[in-house]
Amino acid sequence: MHRLRIQTILLVTVIGLALSWSVSMQFSESAVTRSERERIVFWHFWGGTERTIVQDIVRRFNDSQDLYWVDEIAVPGQNLDMKFFMSLQGGDAPDLLNQDDQVIAQWANAGVLMPIRELCPDEQTYHRLEHWLYPPARQIGTYDNNLYAICNALDIRLLFYRESAIEPFSPPKTISQLDQIAKRPATRERSIAYLPDNRRLWAWGIAFGGDFYDEEQQLVTPDHPKVIEALEWMTSYTDHLGLDQIRAFRSTNREAGAGSMLRDGRYSLMMDGQWRVAELDRVREESSGNFQYGVTPLPYPSGGRPNAGWVNGNFFVVPKDCQKKRGVWEFIKFWSGFDGHEADAALTASSGGWIPASPSVTAHPHFQKYLDQHPRFRLFVELAESEYQVPTPAIPVQAYYYERVNQAADEALTLQKTPAQALQDAARDVQLQLDKVQNER
């Protein structure tokens, strides 16, 4: 018995040593393979579960070839801009960034970005890329008639609604129809049918027929008559509900997400992006059909625009002095889907619930399968081709313009100023900043 126990222990030890040697060899081979590749340092803003998706995309790229190795580094969104400029000053910038803030025009104007033309192997490829992108994706990445960013996903907003909450009406197509539904008395305590958000003026202003920039005269136009009309309409909900009631509602629901508020009936309608679809589809399935929702393009008044709104997205930018252009270019193509990588990008977009930046990717069977699973996502994709999905104007004070308009909308919605006064003040302030920057060029 004693001898058998000793033999067993020896056998287990030998097997353990063999397995340890095998794992060690695999790790060693992997490390050698990695060390022989060109390292690409990639910064991005995703965290939580989304970072896991990014890590999987990076793993797939690293496994797909043996020339480059991408290391992803998550940088919190609020700190990414500051850390990027600090890295430039310190001579230790990443090779590639993914961003979603209104920064492309400002960074390009500051001379810190590499024009995408310099990444492409030739001029023909660059022009193919421009035409390969959806129009809004091309607009987002363009400053001064040159691409400085490559969009890898678009964000588009539509009007979500609880089907039970809008009965007996159909999904609203016009502003008057929306008002008819949204300004009815609340059907339950602590609920509001619809509540405009100050950040959504960018979308409603376009839907109402307004424009935020006059390119010919190089003038910002947040005080365009149709944008003012849009903000006046948004402010009518403050008059309808009462400022105190709105503040109490927002305070009570401060921690709640928009999706949960639609699900729970605190909202009947809300403007939100395509990322909400998968969440609400899960709720619909778990409710065994008791929760039903729909999506529709933003309603618009007479003289407004169909299929309109504000679009933004996620995009790649490359520091001006990047020395690893080839590897960066290959990774961008893999993620975005350009130049034969449509299948890879379709899988990526499906895993993240993102709208691809090109119709070539959305047409791929991988992504079509995702749309079959989430049919309400299709309308977001269709609107990616609309000429009335408009990004923030690509001017050197882009981020300031975006925030200053949001501030003006809030001033009107909280009755501090009239819509016209708030937007006229914003136009003056932004134009002063724009003129200052342009005079310094």
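Smallest separation of non-hydrogen atoms from Arg200 and Asp272: NH2-OD1, 4.3 Å. The heavy-atom pair separating Pro121 from Trp329 by the smallest distance is CD-NE1, 3.7 Å. Minimum interatomic distance between Pro301 and Glu229 (heavy atoms only, all atoms of both residues): CG-OE2, 4.1 Å.
The ring pair (Phe, Tyr, Trp, His ring centres under 6.0 Å) test with Trp354 is passed by exactly one of Trp46, Phe380, Phe315, Phe367: Trp46.
Contact check on Asp71 versus Arg34 returns a salt bridge, with a Lys/Arg side-chain nitrogen under 4.0 Å from an Asp/Glu carboxylate oxygen. Contact check on Lys417 versus Glu411 returns a salt bridge, with a Lys/Arg side-chain nitrogen under 4.0 Å from an Asp/Glu carboxylate oxygen. Using a cut-off of 4.0 Å between Lys/Arg side-chain N and Asp/Glu carboxylate O, Arg128 and Asp339 are scored as salt-bridged. Salt bridge status for Arg117 with Glu123: present, with a side-chain N to carboxylate O gap under 4.0 Å. Using a cut-off of 4.0 Å between Lys/Arg side-chain N and Asp/Glu carboxylate O, Asp281 and Arg276 are scored as not salt-bridged.
Ring geometry for Trp202 versus Trp310: interplanar angle of 30 to 60°, hence tilted. By the 30° and 60° cut-offs, the orientation of the rings of Phe249 relative to Tyr267 is tilted.
Both tests hold for Arg376 against Tyr293: distance to the six-membered ring centre under 6.0 Å, angle to the ring axis within 45°.
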List the steps, then state whether ring-ring contact (aromatic ring centres under 6.0 Å, His included) holds for Phe208 with Trp233.
CA-CA 10 Å; Phe208 268 65; Trp233 168 76; 5.7 Å; yes

The test is salt bridge (charged side-chain N to carboxylate O under 4.0 Å, His left out); show your working for Arg60 and Asp63 and say whether it passes.
CA-CA 5 Å; Arg60 287 194 289 113; Asp63 289 346; over 6 Å; no

Could you give me the CA-CA distance, side-chain angles and deciding distance for Asp425 and Arg404, then say whether salt bridge (charged side-chain N to carboxylate O under 4.0 Å, His left out) is met?
-> CA-CA 9 Å; Asp425 289 350; Arg404 186 63 183 85; 5.3 Å; no

Under the side-chain hydrogen bond (donor to acceptor under 3.5 Å, both in side chains) criterion, do Asp372 and Gln368 qualify, and how do the steps go?
CA-CA 6 Å; Asp372 289 340; Gln368 288 298 310; over 6 Å; no

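When side chains are defined from C-beta on, Tyr402 does not count as touching Pro391, because their heavy atoms never get closer than 4.5 Å. A heavy-atom distance below 4.5 Å is found between the side chains of Val112 and Leu88. Here the side chains of Arg51 and Glu72 are in contact, with some heavy-atom distance below 4.5 Å.
Considering CD of Glu279 and CG of Leu262, their distance stands at 9.0 Å, rounded to 0.5 Å. To the nearest 0.5 Å, atoms CD (Glu382) and CG (Leu158) are separated by 10.0 Å. Interatomic distance, Tyr143 OH to Trp107 CH2, rounded to the nearest 0.5 Å: 15.0 Å. To the nearest 0.5 Å, atom CD1 of residue Ile57 and atom OG1 of residue Thr52 are 11.0 Å apart.
Scanning for side-chain hydrogen bond (donor to acceptor under 3.5 Å, both in side chains) contacts around Thr125 gives Asp122, with sequence neighbours left out.
Residue-environment remark: CZ (Arg326) stays at or below the threshold of 12 foreign heavy atoms within 6.0 Å. Counting non-hydrogen atoms of neighbouring residues, nucleotides and ligands closer than 6.0 angstrom, the NZ atom of Lys324 exceeds 12 such neighbours.
With hydrogens and angles left out, the side-chain atoms of Asn98 and Asn152 include a donor and acceptor closer than 3.5 Å.
Checked against a 6.0 Å centroid threshold, the rings of Tyr370 and His366 do not count as neighbours.
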